[in-house]
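Positions are given from 1 along the sequence.
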Amino acid sequence: MDTEIELKFLLSDNEVPLIPGLITQFAKTVINQPARNLKNAYYDTPNRELRALDIGLRTRCCDNDCEQTIKLAGEVVGGLHQRPEYNLPIQSVKPDLMAFAPEIWPHAMQVSSINENLFPIFSTNFIRRTWLIETEQGSKIEVVLDKGEVVAQGKVEPISELEIELVEGTRDDLFLLADHLINMSGLRLGLYSKAARGYRLADSTPLKPNKFIGFVPLQPGATQEQALVAAVNYGIQFVQKHEQCYFDKPSLKTLKRVIDGITLIRHTFRLFADIVDKTTTEHLRSEFKWLLDEMVWVENAIYLKTYTSKRHAYYKKINSAPELAQVIDDLKDVQPTATDIEDLFHCPRYNRLILTLTRWLVDKEWRQHWDQKALNAAEQPVCDVARGFFDSDWQNLKAQLPENKALTKTDYLRLRHQLENTLLSGNCLGQLYDKEERQEFRMPWIDIVYGIYELDTLSYLMQLCQGQDSDSLQDIQSWLEKKADFLVSAMEQSRDASMNGLPYWR
């Protein structure tokens, strides 16, 4: 058995000719191996039983030699892929699971039954160029460039990938090479394997953006440190998934999900402050701020798109005031284009952020400043401290929501950040609790957050109307103020009902 430890990158045709030179700049020695034409077929049952177990089964033929490969469930952190892999030669193109050692399979897997029902699901065919390099520190790394296509059900997707795999030596050198490569614009870290792409193509299940941030998957007995790792890894994959979704189909809401993922990671650092010293995340937090600043326009862009949608209540009002419609059109014209966003996701600074975060997680860099108190906190079951986290958030929130005080629009807008953080704690740790009780408690507060978003929308529209010498705009501003008052009244009713809800963590 081999365990792959590799980083995967996606690159455009313009960058392919630059790869040999970049490798030569980095390496002490380089062995350039002959290019190979690899023909691969991936197998599963009609019910996708292997896919359900996160097992990949592939046959590969090159010239007259064929082999079958099993890749078992592994771990993906950022662009770093680690999976157990087993390879055996075969005499035909059809695989045979029974040829592998029985102890490699998950418990209770029906190997014989699956073996009898295997058939090819999709194929990948590509030209592979390979370089074996040795670093100054003596590590050996295999660099692989694949150019070709995934084919399934008559549909085709291009393959243009660069993989760097640690053959021998220290993982540090793998990250150093990755950092060297991402200086090249046009190259970005890849989350999804060829197999994952092939299954989506074969089953007509394209990658779709999430509607919500969701909940971090946690085991009931997880320690604080395990919960930290789970939350940060969830956040990285959430960001990378929606980055890819944007390339597949550009959307402002997809960009908002990228922002949500970064925000979840930032909140995780704060939530687990007992075991994550600020000095270990200072650079990451600075880079998060840079990225969020680069995307700060997204929310206003969503507002502007909302205003001009024919399905929205604001549409007729805005069209009745040509001056406002023109202001909105002018603002939309200066928004970054889809090409600008793709350039951001390709730029070295963004990819270095994802790479640095991946390394922070893989190398457990938060342990660098641990004392005995932090060590004890890290080993404590997270379920024992979650209640304290939620109680603290809840008390702080209630302090901003005195029951005997009527809140204004300004009060709610000020409340947004704190309420979002309170809900994010639930996204990080809510999986530990009953789903129905959790949902019943959270839904009214989520409604209030959406109300605050709409208040933000109304406030932004009012700002656009202000200072304009136009009777129609003054009429719209008056209408917007009435809408805001009505919305605050509805939110106050939700707040009254929410304050009496039974916290799901008690």
Side-chain angles (χ1 to χ4, degrees), residues 210-216 231-232 234-235 238-239 242 252-253 255-273 276 278 281-282 284-303 306 386 388-403 405-430 438 441-463 484 487-488 490-492 494-495 498-499 501 503 505:
N210 295 45
K211 293 183 179 180
F212 312 103
I213 186 68
F215 295 90
V216 175
V232 175
Y234 181 87
F238 197 84
V239 169
H242 291 91
L252 290 170
K253 289 184 178 179
L255 291 181
K256 180 61 170 66
R257 296 291 86 81
V258 173
I259 294 170
D260 290 343
I262 293 295
T263 305
L264 179 77
I265 298 170
R266 294 176 81 195
H267 184 75
T268 300
F269 289 166
R270 291 192 291 266
L271 191 63
F272 292 99
V276 179
K278 279 189 174 182
T281 61
E282 184 175 0
L284 284 168
R285 286 182 285 110
S286 173
E287 292 303 280
F288 290 156
K289 183 180 184 304
W290 161 77
L291 180 58
L292 293 176
D293 285 346
E294 289 290 314
M295 303 180 75
V296 72
W297 60 273
V298 170
E299 194 163 282
N300 281 343
I302 292 173
Y303 293 160
T306 299
F389 291 155
F390 288 138
D391 278 340
S392 176
D393 283 348
W394 183 228
Q395 293 303 320
N396 289 336
L397 185 62
K398 287 201 295 185
Q400 302 296 318
L401 297 166
E403 294 187 42
K405 177 187 174 185
L407 298 188
T408 65
K409 177 185 73 173
T410 302
D411 292 328
Y412 273 111
L413 291 174
R414 288 174 180 167
L415 186 66
R416 172 178 171 172
H417 182 66
Q418 186 168 348
L419 183 51
E420 286 178 331
N421 280 341
T422 300
L423 291 169
L424 277 172
S425 295
N427 293 115
C428 289
L429 300 173
R438 183 185 71 213
F441 182 85
R442 285 171 58 91
M443 281 308 298
W445 293 107
I446 291 173
D447 288 341
I448 291 174
V449 167
Y450 283 131
I452 294 174
Y453 292 166
E454 189 165 354
L455 278 180
D456 259 334
T457 300
L458 295 169
S459 295
Y460 189 58
L461 265 181
M462 285 185 229
Q463 290 175 22
L487 185 59
V488 168
M491 292 165 69
E492 284 287 85
S494 293
R495 176 169 73 104
S498 302
M499 297 301 291
W505 60 89

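When atom types are taken as modelled, the side chain of T422 and the backbone of Q418 share a donor-acceptor pair closer than 3.5 angstrom. In this structure a side-chain-to-backbone donor-acceptor pair under 3.5 Å is present from R285 to K278. For N427 (side chain) and G214 (main-chain N/O), a donor-acceptor pair under 3.5 Å exists by modelled atom type. Judged purely by atom type and a 3.5 angstrom limit, E492 uses its side chain to pair as donor or acceptor with the backbone of L407. No donor-acceptor distance shorter than 3.5 angstrom exists from the side chain of T281 to the backbone of L284, with no hydrogens or angles considered. A donor-acceptor contact shorter than 3.5 Å is absent between the side chain of D293 and the backbone of W290. Under the 3.5 Å distance criterion, the side-chain polar atoms of H242 are left unmatched by any main-chain donor or acceptor of I259. Here the side chain of S392 pairs no donor or acceptor atom with the backbone of G388 at under 3.5 angstrom.
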Check your understanding: Can you list the steps and then say if N421 with R270 is a side chain to side chain contact (heavy atoms under 4.5 Å, CB included)?
Key -> CA-CA 10 Å; N421 280 341; R270 291 192 291 266; 3.5 Å; yes
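With rounding to the nearest 0.5 angstrom, the CG atom of L271 is 13.5 Å from the CD1 atom of I265. Annotation: the span from C428 atom SG to F272 atom CZ amounts to 6.5 Å, rounded to 0.5 Å. Summarising the geometry, atom OG1 belonging to T263 is positioned 7.0 Å from atom CG belonging to L424; distances are rounded to the nearest 0.5 Å.
A centroid separation of less than 6.0 Å is found between the aromatic rings of F441 and W394.
P402 approaches A399 most closely through the heavy-atom pair CD-O, 3.9 Å. For the pair M462 and A484, the tightest heavy-atom approach, listed with the atom from each and the gap, is CE-CB, 4.0 Å.
The pair E299-R416 meets the salt-bridge criterion, with a side-chain N (NZ, NE, NH1 or NH2) lying under 4.0 Å from an Asp/Glu carboxylate O.
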